[in-house]
Structures are given as C-alpha cells and as structure tokens.
Protein chains: 2
Amino acid sequence: MTATESDAAPRSGRRATRHGDSRRDELVHAASELFADRGYRDTSIAQVAERVGVTQQALLYYFGSKAGLLDAVIDDRDGAAVEFAEQLAAVGGAEALRRLPGAARRNVADPYLARLFAVLVAENLSPESIAHEHFVQRYRHLREIVAGLIADGQRDGVFAADPEPQLLATEILATIDGLNTQWLLDPEVDLVAASEQWAAGLAERLAPRRPTARDARS
Amino acid sequence: MTATESDAAPRSGRRATRHGDSRRDELVHAASELFADRGYRDTSIAQVAERVGVTQQALLYYFGSKAGLLDAVIDDRDGAAVEFAEQLAAVGGAEALRRLPGAARRNVADPYLARLFAVLVAENLSPESIAHEHFVQRYRHLREIVAGLIADGQRDGVFAADPEPQLLATEILATIDGLNTQWLLDPEVDLVAASEQWAAGLAERLAPRRPTARDARS
DNA sequence: GTCTATAGCGAGATAGAC
DNA sequence: GTCTATCTCGCTATAGAC
C-alpha cells in the first residue's frame with residue numbers, strides 16, 4: 001500500500017458532487033456564489049476557502065487548481081437550463097410556450113444561478129478561455145432541444161410552418177438570455193412582465209395560419 | 001510658470017478622444033481591442049502599453065489609473081449603439097424594423113465592438129463594479145429610444161396597439177444582445193439569418209390588425 | 001512625455017509537518 | 001484532511017531622473 005494513489009484524494013472534478021461530501025460541497029457552493037458575484041477571474045481561491053472557514057491550501061487539496069474548482073462548479077450547477085429545455089420539449093406545443101415565463105419567475109425568486117451563468121459565459125467567449133468549449137457545446141445542445149421542439153410542433157401542425165427551427169431556437173435562447181442580462185444589470189427591469197409579453201407574441205407568431213389541426217374545443 | 005498644473009497633461013478621460021492625439025488615441029485603441037478579447041480585469045495596463053510600444057508608466061501618465069483608461073475606452077467606443085437606435089427612431093415605422101438586421105451585418109463585418117461591450121457589460125453586472133452605473137444608464141437610454149419609436153408607431157397607427165412599448169423595447173434589445181452573445185461564443189451561429197428571421201417576425205407582430213393606415217400601394 | 005527603479009500587494013501553487 | 005511556511009510571479013501605482 002504505497003501512497004502513490006491514495007483513495008482519499010478526489011483529484012479532479014470527475015465525481016458528481018451531489019451533496020454528501022460536506023467539505024467539498026461547501027466549497028463548490030461558496031465558489032458558485034462568489035463566481036456569480038464577481039466572476040471567476042476576480043475571485044481568489046483564498047476568498048472561497050475563507051467563506052467555508054478553511055485555508056486556500058485545503059481547497060487546493062480537493063480541486064488541484066483554480067481551474068479544477070471551476071470545473072466542479074460547472075459540473076454541479078449547470079444542467080438546470082438543459083433540464084428545463086428538456087421538460088418543455090417533453091410537453092411540446094403551445095403548452096411549452098405557455099411555460100416559458102416560468103423560467104423568468106424562478107430567476108427572480110433566485111437570481112444567483114442566472115447571474116452565475118451570465119458572468120461565466122461572458123468570461124468564456126474567447127476560444128482560449130478555460131471553459132469556452134463547455135459553453136459552446138451547452139448552447140449547441142440547448143439549440144438542438146428547442147429546435148426539435150419547434151420542428152415537432154410544425155410537423156404536427158400545431159405551429160406555423162414558416163419559421164426555420166434552428167434560427168428560431170437561437171432567437172428564443174437569445175431573448176431569454178438578453179432579458180436576464182438587462183434585469184441583472186438593472187432590477188428596475190420587469191423581467192417577468194417582459195417575458196410574459198414576449199412569450200405571448202411568440203405564441204401568436206407560431207399559431208398555425210389556417211386551422212390545420214385544431215383541437216376538439218372550438 | 002510653476003509646474004503645478006501644466007497644460008500638457010490630460011488628467012482624466014474628460015476630453016473626447018476623437019483621433020488627433022496620436023499616443024493617447026493609440027492607447028485607447030489598443031485597450032479597446034485587448035478588453036474585447038480578454039476583458040478589463042484580465043488585461044494588464046502593461047500589455048496595453050506594450051502593444052503601443054511604450055511602458056506601463058507612460059500609459060499611466062495619460063489616464064492616471066487603470067480605471068481612467070476604462071473610462072476613456074467607454075467614452076470613445078460607446079455611443080455607436082445609441083447612434084444606431086436614434087437613427088432608427090428618426091426613420092420610424094416599418095422601415096425602422098426593416099433596418100434592424102443592419103446591425104447584425106455590421107457586427108459580422110467587425111466583431112470587435114460587439115465583443116467589447118458584451119464583455120464589459122458582464123464584467124459590470126454587480127453594482128460595485130467600476131462601470132456599472134454607466135451601463136445601467138446606457139440601457140435605460142436605449143430602452144427609452146426604442147420604446148419611443150414603438151409608441152410613435154402605435155400613435156400613428158402603423159404599429160399594432162397591444163404590445164406595451166417599454167416591455168417590447170426591453171425584448172428587442174435583449175434579442176439583439178443575446179443573438180450577438182451566441183454568435184460571439186460560436187461562429188457557427190448564423191447571426192445575420194437569425195436576425196433577419198427575427199426582424200421579419202417582429203414586423204408581422206407589429207403590423208396593425210386591421211388596415212388602419214395602409215399606404216397607396218395595394 | 002517617457003523612462004528606470006522600486007514599493008507593496010495579492011495571486012496560485014508547492015513542500016512538508018501534524 | 002488541514003495546517004504553516006514559503007516560493008515565484010504579475011499586477012497597479014509612485015518617485016524621480018532625463
């Protein structure tokens with residue numbers, strides 16, 4: 001039993017940190033909050049460690065490097081958006097559109113996740129940046145899900161046929177992100193009201209031009 | 001002639017730097033490019049100075065501090081968006097909507113300004129950040145201009161009456177910003193096509209419901 | 001106006017004790 | 001696992017010569 005690869009040290013961000021480790025989780029959580037507030041680059045690992053009540057070196061024991069900490073934060077906190085998009089896609093049709101402002105309402109109730117990803121995306125626009133590839137893939141994935149939702153609706157005749165799904169998916173994600181950004185910058189912006197009006201307009205735009213496949217109601 | 005306030009030193013970012021000073025302009029320009037690429041916080045004033053071929057201390061002679069340099073960059077480079085919005089407002093009506101994708105085409109031709117402000121806005125979301133107030137005011141101003149354009153069109157009967165102008169203005173700026181962000185992150189995103197489809201949908205949404213004020217054509 | 005020199009700080013990371 | 005100590009580096013800013 002040489003100490004070359006002790007079983008105690010979780011070297012990288014591999015293991016999913018879903019609450020249980022205590023210390024490591026506390027550090028990921030503290031880092032998420034500080035990154036959301038001041039960005040990755042402007043946060044020191046010492047500040048993160050201090051918030052949990054340990055030293056910087058203890059933090060490095062868990063994550064190896066500052067970049068490792070970022071990986072762990074992204075692993076742990078990202079995915080909410082993808083899950084939400086997948087939920088909508090599962091529901092489908094006009095009901096999915098009706099649920100869009102729900103994301104806004106959740107953001108207002110808990111702004112920190114929205115802030116975290118707004119900040120991290122901007123910090124990783126450049127291809128050399130540390131998490132660039134992650135966010136590129138994340139958006140491609142989200143666009144695929146939303147485009148699929150639209151294409152399905154068009155195939156079923158519950159959505160108008162003319163908008164190109166990929167472009168509309170890009171536009172939908174853009175509007176959500178852009179509204180969040182303005183509201184994060186300036187709390188005077190009424191995120192929920194803007195989201196609701198937007199979603200209503202989108203529903204109108206996607207309404208089939210002629211009664212192609214009306215439900216039993218009318 | 002004591003040297004207490006020599007006439008040579010432009011202390012702060014007061015004077016509009018519209019090309020003429022040479023050195024100072026070169027520094028502002030170099031800083032803009034580096035800030036766009038890596039953000040304000042990740043750029044050192046030494047890197048900016050090096051690009052122009054002077055030392056960091058020469059740069060500080062002009063701007064006093066790194067924050068002073070940021071002020072100068074914002075003074076010099078911001079305003080393009082406001083000018084564009086004012087142009088659209090001056091044109092008004094459906095023609096203004098038709099010109100919206102022009103911004104996208106200009107961004108694709110010269111991505112650096114879009115990148116600069118995407119990065120700077122994200123770095124200044126937090127109220128404590130150095131240029132936070134500037135960007136809050138900038139967006140409020142832009143929203144006012146766009147909301148005015150919409151309200152004018154509604155008053156004249158060339159736009160549908162139901163969208164609330166302030167909320168729609170927020171949504172329009174959000175979509176523009178969000179599309180830019182996705183495209184900056186991933187060049188595979190077709191910014192121009194997405195903008196054109198979006199603008200077409202917006203025009204449809206704003207078309208008056210009944211032929212209130214049709215032109216002589218039809 | 002631009003330089004050299006340097007102060008002074010805070011960062012990330014490593015070594016090794018306990 | 002967490003600590004103390006320390007290395008090394010890069011940063012902003014100041015002082016003062018030319």
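First the proteins, then the strands, lettered A, B, ... as listed; each starts at 1.
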(Q) Would B/R138 and B/F117 count as a cation-pi pair here, with the cationic atom under 6.0 angstrom from the ring centre and within 45° of the axis? (A)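 Yes; both conditions hold, so B/R138 lies above the ring face of B/F117.
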
Q) Is A/R205 close enough and on-axis enough to A/F159, meaning under 6.0 Å and within 45°, for cation-pi? A)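 No, A/R205 does not lie over the aromatic ring of A/F159.
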
Please give, in whole Å, the distance from [N] [atom2] to [X] [atom1]?
{"X": "B/E26", "N": "C/dG1", "atom1": "CD", "atom2": "P", "value": "14 Å"}
{"X": "A/R38", "N": "C/dG10", "atom1": "CZ", "atom2": "C1'", "value": "13 Å"}
{"X": "A/L69", "N": "C/dA11", "atom1": "CG", "atom2": "P", "value": "14 Å"}
{"X": "B/E50", "N": "C/dT2", "atom1": "CD", "atom2": "C1'", "value": "16 Å"}
{"X": "B/D25", "N": "C/dG1", "atom1": "CG", "atom2": "P", "value": "14 Å"}
{"X": "A/R24", "N": "D/dT2", "atom1": "CZ", "atom2": "P", "value": "13 Å"}
{"X": "A/F63", "N": "D/dT2", "atom1": "CZ", "atom2": "C1'", "value": "14 Å"}

(Q) Check whether B/K66 reaches the backbone of B/L60 with its side chain - one donor and one acceptor, N or O, closer than 3.5 Å. (A)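 Here the side-chain-to-backbone pair does not exist.
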
Q | A/Y61 side-chain proximity, nearest of D/dT2, C/dC3, C/dG1 | A |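 Selected nucleotide: D/dT2.
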
Q) Do B/Q87 and B/E83 meet the criterion of a side-chain donor-acceptor pair at a distance under 3.5 Å? A)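 No pair is found: no donor N or O on one side chain lies under 3.5 Å from an acceptor on the other.
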
Q) Under 4.0 Å between a side-chain N/O of A/R23 and OP1 or OP2 of D/dT2, yes or no? A)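 For D/dT2, OP1/OP2 do have a side-chain N/O of A/R23 under 4.0 Å.
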
(Q) C/dT2, OP1 or OP2 - any side-chain N/O from B/T55 closer than 4.0 Å? (A)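 Checking B/T55 against C/dT2: no side-chain N or O falls below 4.0 Å of OP1 or OP2.
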
Q: State whether the number of non-hydrogen atoms from other residues, nucleotides or ligands found under 6.0 Å of A/E164 atom CD is greater than 12.
A: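 Yes.
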
(Q) Can you confirm whether A/S129 sits close enough to A/R41 that some side-chain heavy atom of one is under 4.5 Å from a side-chain heavy atom of the other? (A)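 Yes, their side chains come closer than 4.5 Å.
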
Q: If a protein heavy atom is under 4.0 Å from the base, mark B; if only from the sugar-phosphate, S; if neither, -; do that for nucleotides 11-18 of chain D going 5' to 3'.
A: SBBB----

